[in-house]
Amino acid sequence: MLSEVVVVGYGTMKKQDLTGAVNSLKATDMEKEQRQTIQDMLRSGVAGLAVGMETDAKGNTSMMIRGKSTISASTSPLLVLDGVIYPGQMTDINPNDVERIDVLKDASSAAVYGAQAANGVVLITTKKGTSSKKPVINFNATVGASFVASLPDVYKGKDLNFRRDVIKSINSADAASGRYDSPENLSGAELEAWMDGATGDPTEVWMQRLEYNDIEIQNYMSGNEVNWKDWIYQNAAFRQDYTVSIAGKKEEMSYYSSLNYVKNESNIKGGGYSAIRARVNVENKVAGFLTYGLNTQFTVRNEGYIGRDNSYTSLSPFGSVYEEDGVTPKYYPNDNNNATNPLISQTYTDKRNDIYNLNASVFMKADLPLGFSLQTTYSPRFEWTNYAYHRSADHPAYKDEGGYVQRQNTTLFYWQWDNMLKWKKDFGKHAFDFTGLLNWEKRRYWSNIFRGHLFVADGRVVREPVRWAGELRADAAEQHVPAGTEEHMGIVTAVRAGDLAAGVPAGGNAQNAQRPLNGIPKHSAAAIPDAVLCHAADLDADVRLRRRHQPHGDGAGDGARAVAGGRRTACADCAAVYLEERRVLGCVVRVGAVGGASLAV
């Protein structure tokens with residue numbers, strides 16, 4: 001309808017007064033369809049807007065207005081949430097909180113946002129308080145499943161003709177001799193001629209000629225066949241979404257708040273996504289001319305799921321999923337390096353990726369005489385990321401690495417301050433609408449990354465010096481540990497005692513030998529032979545190690561039970577090893593010393 005009010009840049013207008021291309025979508029029109037994301041709401045509701053299909057459990061997908069307009073740059077439209085430019089992800093917005101969506105598709109309608117609106121603008125308006133003086137409580141629950149529509153087909157295990165045809169094309173000179181054809185229907189002299197002096201089962205001989213590996217021949221003869229798609233994908237992935245909201249009005253204050261939980265499984269086994277999303281919208285009129293309010297959104301999302309590798313087209317149906325022990329995934333199921341086991345990453349890696357973000361806007365609006373109004377809006381956005389990654393020392397592709405861990409903490413702070421002056425005046429049949437905007441914005445980003453590796457290498461303590469996330473420094477005279485190191489434990493690796501005392505004069509001196517470092521004595525290189533070690537197995541890849549370590553005493557009884565080349569020796573009087581999770585996040589390793597001396601590293 002021409003009298004309908006639509007949202008445009010920094011305000012609203014009637015459709016009859018617009019000259020640009022604008023499409024509007026009300027959330028009430030979509031309630032019966034139970035759309036799970038805002039992209040789902042837009043996919044079929046806005047002409048000229050192309051929304052891709054999501055390929056992961058999170059639901060993020062691309063959007064493009066009126067076709068591709070760039071070769072390499074982004075084609076995503078600008079997002080504006082409750083009148084403020086929104087730099088976050090659309091999946092952080094709960095669709096149940098949305099009141100309406102307006103899409104500005106041409107240059108005239110999006111001009112107010114400048115160059116950043118070159119790909120169009122999507123304006124999202126969230127729900128506000130109702131006119132009811134009694135609270136209105138709503139609960140929405142959606143449970144469903146995501147199904148695999150289609151997957152690439154591969155040859156079935158019992159059909160060897162495809163392999164025969166490949167080998168014949170490679171060895172075209174012998175293709176007509178029948179050497180690569182099945183001996184199933186041959187007997188007597190024909191079979192003897194086909195065998196050509198080979199011995200053993202004719203079927204095994206045939207598979208050898210077709211260049212099957214021994215493990216494939218063995219599984220084929222035993223009737224073992226692997227459908228790799230069943231090991232990677234699940235046909236139905238469970239999905240659930242719950243929202244509870246409360247809205248109302250008390251005197252001059254209106255309010256809306258909601259809490260949402262979403263958890264989606266992936267069709268790739270092990271993959272998934274979960275999030276908690278909360279919103280509080282408050283608006284209060286303190287005088288006839290003054291209004292202030294707050295729109296806040298807080299999201300916690302878990303993106304630490306590890307799915308199985310989804311490449312299976314190069315895997316043989318006669319490969320083996322596990323080693324002979326039936327537990328350890330076989331890295332090369334076909335016994336060649338054409339393809340790796342899709343279970344490897346899920347078995348030997350762990351990941352934690354928790355993302356928290358707070359998006360808010362605080363505004364105050366004053367209605368002035370003569371049709372003028374003034375509004376100021378401050379919009380801070382905080383985002384914190386806690387990322388931890390561990391790759392086991394047992395990972396068959398990274399054994400020389402000796403295990404690897406990474407921890408990264410990031411903080412993003414972004415703010416905008418918009419000051420808007422409006423003048424709206426009607427002159428008979430004519431209307432004048434002026435908007436002036438003054439904007440400041442700033443973005444700051446902090447990141448700390450800690451990495452560690454070489455925990456275990458070929459069953460012996462590794463050769464690299466110890467590092468506590470950059471806290472430990474080696475200088476020419478001694479291995480120096482800054483004060484407070486035990487309170488700043490990061491990633492640590494085991495060391496040889498000789499490396500630890502690198503640079504210390506042979507024999508040392510009394511001052512260096514007994515110099516306390518955080519209550520732990522320092523000893524010379526001569527006092528710490530390489531043969532007395534705390535084995536690297538103490539830094540087991542499947543162990544979470546406590547970050548804070550209590551210093552040891554100086555007595556002879558405090559020496560570590562260390563056996564050079566031993567399988568696993570626990571650190572004496574050290575409670576730093578805890579079987580909590582399959583990650584290595586830091587420890588203090590005790591190294592035994594001659595003559596009752598001890599050293600903590």
Side-chain angles (χ1 to χ4, degrees), residues 6-10 18 20-31 33-127 142 146 149 239 241 260 262 264 266-267 273 275 277 279 297 299 301 303 355 357 359 379 381 383 412 414 416:
V6 296
V7 178
V8 292
Y10 297 104
L18 280 174
V22 179
N23 274 92
S24 300
L25 185 66
K26 293 182 180 179
T28 53
D29 299 335
M30 296 291 177
E31 286 181 352
E33 300 183 27
Q34 294 296 324
R35 301 300 176 96
Q36 298 303 298
T37 64
I38 294 178
Q39 291 95 322
D40 286 343
M41 301 171 71
L42 293 170
R43 184 168 287 112
S44 60
V46 178
L49 174 63
V51 181
M53 298 299 294
E54 60 268 16
T55 58
D56 57 13
K58 185 176 181 179
N60 260 348
T61 185
S62 61
M63 293 192 298
M64 187 167 54
I65 296 177
R66 290 187 170 179
K68 191 173 179 66
S69 57
T70 178
I71 297 176
S72 59
S74 172
T75 59
S76 299
L78 178 69
L79 301 181
V80 177
L81 179 64
D82 289 326
V84 178
I85 294 174
Y86 177 68
Q89 297 186 10
M90 196 173 286
T91 49
D92 286 342
I93 305 172
N94 181 8
N96 294 301
D97 292 338
V98 175
E99 181 68 30
R100 65 178 296 137
I101 301 175
D102 297 274
V103 181
L104 313 183
K105 296 187 289 186
D106 64 356
S108 62
S109 58
V112 69
Y113 293 105
Q116 58 188 335
N119 295 322
V121 183
V122 176
L123 302 113
I124 302 170
T125 304
T126 59
K127 295 177 180 178
T142 304
S146 172
R239 300 198 168 194
D241 190 316
N260 167 259
V262 59
N264 296 335
S266 172
N267 288 106
Y273 169 78
R277 302 178 288 196
R279 170 166 289 278
Q297 172 185 286
T299 304
R301 61 180 191 265
E303 298 186 11
I355 303 169
N357 66 68
N359 196 82
S379 307
R381 174 180 173 82
E383 183 167 294
L412 170 68
Y414 170 80
Q416 303 173 72

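- Looking at Gln416, its side chain never comes within 3.5 Å of a backbone N or O of Val84 through a donor-acceptor pair.
- The shortest distance between side-chain heavy atoms of Thr37 and Met90 does not fall below 4.5 Å.
- A donor-acceptor pair under 3.5 Å is formed between the side chain of Thr61 and the backbone N or O of Gly52.
- The minimum heavy-atom distance between Gly59 and Gln39, with the atom names listed, is O-NE2, 3.9 Å.
- A salt bridge links Asp102 with Arg100: at least one charged nitrogen is closer than 4.0 Å to a carboxylate oxygen.
- Under the 4.5 Å side-chain criterion, counting only non-hydrogen atoms from C-beta, Thr142 is not in contact with Arg239.
- Side-chain contact annotation: Asn260 with Asn96, donor-acceptor N/O pair under 3.5 Å absent.
- You'll find the side chain of Leu49 stays beyond 4.5 Å of the side chain of Asn23, heavy atoms only.
- A donor and an acceptor atom, one from each side chain of Ser146 and Asn267, are located under 3.5 Å apart.
- Taking each heavy atom of Arg277 and Thr91 in turn, the nearest pair found is NH1-O, 2.7 Å.
- For the pair Ile65 and Val121, the tightest heavy-atom approach, listed with the atom from each and the gap, is CD1-N, 4.2 Å.
- Residues Gln116 and Ile85 are in side-chain contact: their nearest non-hydrogen atoms beyond the backbone lie under 4.5 Å apart.
- In this structure, Met41 and Pro95 approach most closely via the heavy-atom pair SD-CB, 3.9 Å.
- Side-chain contact check for Tyr273 versus Asn60: every heavy-atom pair is 4.5 Å or farther apart.
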